[in-house]
Amino acid sequence: MIMEANPRAFGTTSMPLALPKGTEKLCELCQGRAHLQCTKCRVTFYCHTEHQQADWMGIHERICQLLVPIRAPTLFSLRSRAGKIEMQLKKEELIEICRSVAQSKLSEGKHQEALPAAQFYLRCSIDIHGPSSVQTVPAHLLLAEANMGLGNLALVAELLSKVEWMVLKNPECGPSVHQRLHRSLGRLYTATGNLEAALFHFANDIYFSSEEYGLDSTVTAGGCFLMADVFAKQGKMHTVRSVYSEVAQTWHRHLTKLFKTHVENMQNLDMLLKPSYAKAQQVEVDEILKTMLEFVQNDFRKDSAQIALIAHCLAMLWFLGGDSLKALGFGSTALQASQLIPNHDLTEPIQGLLQLVQSPRTESHPGSD
């Protein structure tokens, strides 16, 4: 019989179908015994409707039909060389979709929704490269990050332990792999309260990210920001101020370049461009910048220059993301702070941004969802 489901949650064509008795299948999410089948692809199974719904929202909607030729292959794809190459390409396409979806949802802080994509990403990576291959490291790290956000710290520790072992056995791993591993370990030790270990790993994160991306990169700044969070937990506020200042400067340089390029393109094309900052990136950067802005605003020193700098960053971020209302709000905060300092060098750029935001052409542009 067909089990009842919420059509708006899954889409009416993907409502789960009960499996015949004696059919042994495993649930896509938990690998437990499955009792239901997706009626759209008929090659994916679930233990109950809750897991079907979670998988549909997380990743299955995107890859439902892509799974059919992989899980129900033809004789051509199994036996011929061309068929095997085509099958490999389809698996690699699945991997990239799952990686992209998982990363996007994690950037937005949607850890529960990221879990199915991260799980499938790891499963496909192991299927192609083998369980001990260093090429599965990115998938392990994404799954660890998803579970970190859900508080599953024991599982995170297990996943990261596997990654450490794989990296140790493969000395050819580049700085980017080491950087991501140390950032994940730093976050784990921060969550478990081992702050000295967290600082050690964030220091390594910064070292490897600067080696791979440069000292002035936003990736390196991300490690510095996380290290500052540990210093805050230790009560070292003077150090926090210093680190936040460097992070804010890095983001201001980065966003200023993007903003200038965006404005030049608008002028050259004589039209308003679409948002040039992805929503997932916006959410992540917005959280970093707002955390620093709140810290500076609540600090007894009331550093107006820092408030102006960080608020200007947020105004540019949201202008690039297409949200004029937020850009106007943060721009106004930045202007008020900069005007407290005679001849402040940011006053003019902030005023220029506000004029652009308030122009009729910009105001008509819809904000971010």
Side-chain angles (χ1 to χ4, degrees), residues 214-229 231-232 236-267 275-279 281-359 361-363 365 367-368:
L215 277 170
D216 198 38
S217 76
T218 56
V219 178
T220 305
C224 294
F225 173 79
L226 292 169
M227 180 175 273
D229 178 55
F231 286 132
K236 300 176 180 178
M237 295 308 171
H238 176 74
T239 307
V240 175
R241 290 188 197 97
S242 177
V243 175
Y244 275 176
S245 177
E246 291 298 321
V247 173
Q249 290 285 352
T250 297
W251 272 107
H252 193 267
R253 286 189 290 269
H254 175 72
L255 288 165
T256 298
K257 289 178 184 177
L258 292 180
F259 176 76
K260 287 180 177 178
T261 300
H262 187 85
V263 172
E264 287 171 4
N265 289 337
M266 286 173 56
Q267 293 170 345
S276 61
Y277 222 89
K279 182 180 179 181
Q281 289 177 299
Q282 270 185 296
V283 173
E284 189 173 23
V285 179
D286 178 65
E287 183 179 349
I288 291 172
L289 294 173
K290 284 201 297 190
T291 298
M292 294 194 296
L293 180 61
E294 184 178 357
F295 174 85
V296 177
Q297 287 175 325
N298 293 332
D299 191 16
F300 71 92
R301 295 190 178 189
K302 295 291 181 184
D303 189 335
S304 296
Q306 277 295 96
I307 292 172
L309 184 77
I310 300 170
H312 188 210
C313 285
L314 282 159
M316 290 189 289
L317 174 71
W318 286 107
F319 177 82
L320 292 167
D323 193 322
S324 299
L325 190 60
K326 287 185 178 179
L328 182 62
F330 286 117
S332 299
T333 300
L335 183 61
Q336 290 172 11
S338 72
Q339 289 176 333
L340 295 175
I341 305 170
N343 303 315
H344 192 269
D345 57 1
L346 282 184
T347 300
E348 187 175 337
I350 294 168
Q351 288 174 332
L353 183 149
L354 288 171
Q355 289 173 2
L356 194 58
V357 170
Q358 293 171 317
S359 69
R361 185 173 58 178
T362 306
E363 286 180 334
H365 185 71
S368 302

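Remember, it's a predicted structure, so these values are computed and weren't measured experimentally.
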query = Should Met227 and Val243 be marked as a side chain to side chain contact (heavy atoms under 4.5 Å, CB included) after you check the CA-CA gap, both sets of side-chain angles, and the distance that decides it?
reply = CA-CA 8 Å; Met227 180 175 273; Val243 175; 5.6 Å; no

message = Let's go through His252 and His312 carefully: what are the C-alpha distance in whole Å and the side-chain angles of both, what is the deciding distance for side chain to side chain contact (heavy atoms under 4.5 Å, CB included) to 0.1 Å, and is it a yes or a no?
response = CA-CA 8 Å; His252 193 267; His312 188 210; 2.8 Å; yes

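In this structure, CD1 on Ile288 lies 12.5 Å from NZ on Lys290, to the nearest 0.5 angstrom. One distance of note links CG of Asp303 with CD1 of Ile341; it measures 7.0 Å at 0.5 Å rounding. Note that the CG atom of Leu289 and the CE atom of Met316 stand 9.0 Å from one another [nearest 0.5 Å]. Taking OG of Ser324 as the reference point, atom CG of Leu354 lies at 11.5 Å (rounded to 0.5 Å). Note: Glu294 CD to Asn298 CG = 5.5 Å, rounded to the nearest 0.5 Å. A distance of 4.0 Å separates CZ in Arg241 from CG in Asp299, rounded to the nearest 0.5 Å.
Enclosure of atom CG in Leu325 is not indicated, since only 12 or fewer non-hydrogen atoms of other residues, nucleotides or ligands lie within 6.0 angstrom. The environment of CD in Glu287 is sparse: at most 12 heavy-atom neighbours from other residues, nucleotides or ligands sit within 6.0 Å. With a 6.0 Å radius and a threshold of 12 heavy atoms from other residues, nucleotides or ligands, Lys260 has its NZ atom at or below the threshold.
When all heavy atoms of Cys313 and Leu255 are compared, the pair lying nearest together is O-CD1, 3.4 Å. Heavy atoms only, all atoms of each residue included: Val247 and Cys224 are closest at CG2-CB, 3.7 Å. Heavy atoms only, all atoms of each residue included: Val263 and Leu356 are closest at CG2-CD2, 3.5 Å. The two residues Leu353 and Ala327 have their closest heavy-atom pair at CD2-O, 4.3 Å. When all heavy atoms of Ala232 and Met237 are compared, the closest pair comes out as O-CE, 3.6 Å. Scanning all heavy atoms of the two residues, the minimum distance from Ser338 to Ala308 falls at N-CB, 3.8 Å.
For Asp323 (side chain) and Lys326 (main-chain N/O), a donor-acceptor pair under 3.5 Å exists by modelled atom type. Thr347 places no side-chain N or O within donor-acceptor distance of the main-chain N or O of Asn343, the cut-off being under 3.5 Å. Under a 3.5 Å cut-off, the side chain of Thr256 and the backbone N or O of Arg253 do not form any donor-acceptor pair. Judged by distance alone, the side chain of Asp286 and the main-chain N or O of Gln282 form no donor-acceptor pair under 3.5 Å. One N or O on the side chain of Thr220 and one on the backbone of Gly214 form a donor-acceptor pair closer than 3.5 Å.
Taking the six-membered ring for Trp and the full ring otherwise, the centers of His262 and Phe319 sit less than 6.0 Å from each other.
Partners of Phe295 according to the ring pair (Phe, Tyr, Trp, His ring centres under 6.0 Å) rule, which considers only residues two or more places apart in sequence or in another chain, are Tyr244.
Considering only heavy atoms from C-beta on, Leu317 stays 4.5 Å or farther from Trp251 through its side chain.
Between the side chains of Ser242 and Ser245, no donor N or O sits under 3.5 Å from an acceptor N or O.
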